[in-house]
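Have a look at the structure below, then the notes.
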Amino acid sequence: MIYQDTPEFADSLDAQDELKAFRAEFLIPQHEGRDAIYLCGNSLGLQPKSAVKYIASQLTSWKELAVEGWFHGDDPWLQFHHQLKQPLSNLGGAKIEEITVMNSLTVNLHLLLVSFYKPTTKKYKILMEGGAFPSDQYAIESQVNFHGFDPKNAVIELFPREGELTLRTEDIISAIEQNADELALVLFSGVNYYTGQFFDIEAITEAAHEANVYAGFDLAHAAGNVPLELHNWKVDFACWCSYKYMNSGPGGISGIFVHEKHFDNKELKRFAGWWGYRPDKRFLMAPGFDPAKGAEGWQVSTSPILLMAVHKAALDIFQKAGGLGKLRAKSLFLTGYLEYLIKEINRKQGEELFTIITPSDLNARGCQLSIVCKRDGKAIFNYLAQHGVIGDWREPDVIRLSPVPLYNSFKDVYEAAKHLAGAI
Ligand SMILES: Cc1ncc(COP(=O)(O)O)c(C=O)c1O
């Protein structure tokens, strides 16, 4: 696409946008009497207008049915999570039984590590990307410690080559090969939170399997953002949160994926709870844990129905949009337009004031661009906020801006770039 740096061009792209009606499904924060330019879906996605109705409906069931709500009403709560699995399996490229929703992200990462990090004295190391989200680093370090190993030696963090900003897939693969004898697990994010790099999940998984180890992924920044084929890529396990690109509210419920090849593997340990018990026998309250088949067997606690209700509100919108296909196509143009406009600012200034560290390869990124400010980054970020452009700031010098195809317009992107230029 040949982009143009004019408001008319942005308007014309919006006019042609098949998905533009979806913006009206969301509540957009206001700035000085008009819609803010919200480019922060990588952190907290906007609230679907329908969320209130979906929660209210469960509050009504609670009011009218009380405990009977678990078994009766339009959406008996015992079965409620099943409604979320179809849309999530579409977004994740998974079989329905490979998915479930439960807990929060870091909690789920721990639960999955209990099963899939099985260190021995010889093979105990975990390979992960350097600069992973801190919660993942803490989770890994504490798991390694828990098993009696020293994270300094047991955690291998992989950084980009000298002078490069993101990791090369070939380097990830060769690190897996080189460390194969000592590795117990490869754990990566799908999209790195800081750089916005979308990793080659399939290639990483294949290399991990060649090395005879499991491959797991934290998809916090990937789910609802980039196309995923978790089943076909043979990923062993994954988890994600729903509050970013899946618009399911602050601290919203998390999802997990466990590949079906592990369903009958009795060697996988797990931290069990009654909600993971096979559903047909759960209420017999018998001693001895007998897991439900599939990802559900990793569930621990009673379903948080109000969180699931918001999640359903958001996932119904994804279903209405036909899944990720058209959304991804629009996303590539939206983010591409932002990239073009930022480069135009640099060109007009005759200086690279803003360096985009997110890969320019469309297959290696999602919505987000991470922009390193050459100088006065924090002041530039504050200027954007004062002018109603909501992104986020990551120390020491990065502004993250993420146009989201469900609710952002090309005009949002155009105006954000004008304010970025104005900030100079
Ligand atoms: C990659 C990644 N992992 C983990 C987390 C933490 O998730 P939670 O606080 O929901 O456990 C986040 C939050 O933004 C994240 O981006």
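All residue numbers refer to positions in the sequence shown, counting from 1.
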Using salt bridge (charged side-chain N to carboxylate O under 4.0 Å, His left out) as the criterion, point out the one residue from Arg347, Lys343, Lys418 that pairs with Asp5.
Lys418
Between Asp11, Asp14, Asp35, which is the residue that forms a salt bridge (charged side-chain N to carboxylate O under 4.0 Å, His left out) with Lys411?
Asp11
Please confirm whether the backbone N or O of [Y] pairs with a side-chain atom of [X], one donor and one acceptor, at under 3.5 Å?
X	Y	value
Lys85	Thr100	no
Asn346	Phe354	yes
Glu260	Gly294	no
Ser331	Leu327	no
Tyr3	Phe333	yes
Ser89	Gln86	yes

Would you please say whether a donor-acceptor pair under 3.5 Å links the side chains of [X] and [Y]?
X	Y	result
Gln197	Thr358	no
Thr106	Ser135	yes
Asn103	Ser254	no

Any salt bridge linking [X] with [Y]? Criterion: basic side-chain nitrogen under 4.0 Å from a carboxylate oxygen.
X	Y	answer
Lys293	Asp280	no
Lys95	Glu97	no
Lys234	Glu229	no
Lys152	Glu141	no
Lys326	Glu18	yes
Arg375	Asp397	no
Arg23	Asp412	yes

Atom [atom1] of [X] and atom [atom2] of [Y]: how far apart are they, to the nearest 0.5 Å?
X	Y	atom1	atom2	answer
Asn225	Arg365	CG	CZ	11.5 Å
Asp200	Leu167	CG	CG	12.5 Å
Ile399	Ser370	CD1	OG	10.5 Å
Leu334	Ser409	CG	OG	8.0 Å

According to side-chain hydrogen bond (donor to acceptor under 3.5 Å, both in side chains), does anything in residues 315-324 pair up with another residue at least two apart or in another chain? List the pairs.
Glu25-Lys320, Tyr54-Asp316, Asn90-Gln319, Lys312-Asp316
Stepwise, does the side-chain hydrogen bond (donor to acceptor under 3.5 Å, both in side chains) test hold for Thr166 with Glu164?
CA-CA 6 Å; Thr166 48; Glu164 297 190 7; over 6 Å; no
Mind checking whether Ile176 and Leu127 have side chains closer than 4.5 Å, heavy atoms only?
yes
With Glu182 via side-chain hydrogen bond (donor to acceptor under 3.5 Å, both in side chains) - residues at least two apart
Lys125
Using the ring pair (Phe, Tyr, Trp, His ring centres under 6.0 Å) criterion, which residues pair with [X]? Sequence neighbours excluded.
X	value
Phe9	Tyr337
Tyr38	none
Phe146	none

Please say whether more than 12 non-hydrogen atoms of neighbouring residues, nucleotides or ligands are located less than 6.0 Å from [atom1] in [X].
X	atom1	result
Lys49	NZ	yes
Phe71	CZ	yes
Glu202	CD	yes

Under 6.0 Å between the ring centres of Tyr214 and His262?
yes
Going through the distances and angles, do Trp275 and Glu296 end up as a side-chain hydrogen bond (donor to acceptor under 3.5 Å, both in side chains)?
CA-CA 8 Å; Trp275 227 250; Glu296 285 200 17; over 6 Å; no
Using side-chain hydrogen bond (donor to acceptor under 3.5 Å, both in side chains), reason through Glu68 and Trp70 one step at a time and then give a plain yes or no.
CA-CA 5 Å; Glu68 290 298 315; Trp70 286 106; over 6 Å; no
Which word best sums up how the rings of Phe381 and Trp393 line up, parallel for under 30°, tilted for 30 to 60°, or perpendicular for over 60°?
tilted
Got a sec, which pairs hit ring pair (Phe, Tyr, Trp, His ring centres under 6.0 Å) with one end in residues 15-35, sequence neighbours left out?
Phe26-Tyr407
Determine, step by step, whether Ser303 and Trp77 satisfy the side-chain hydrogen bond (donor to acceptor under 3.5 Å, both in side chains) criterion, reporting the C-alpha distance in whole Å, the side-chain angles of both residues, the deciding distance to 0.1 Å, and the verdict.
CA-CA 8 Å; Ser303 294; Trp77 299 328; over 6 Å; no
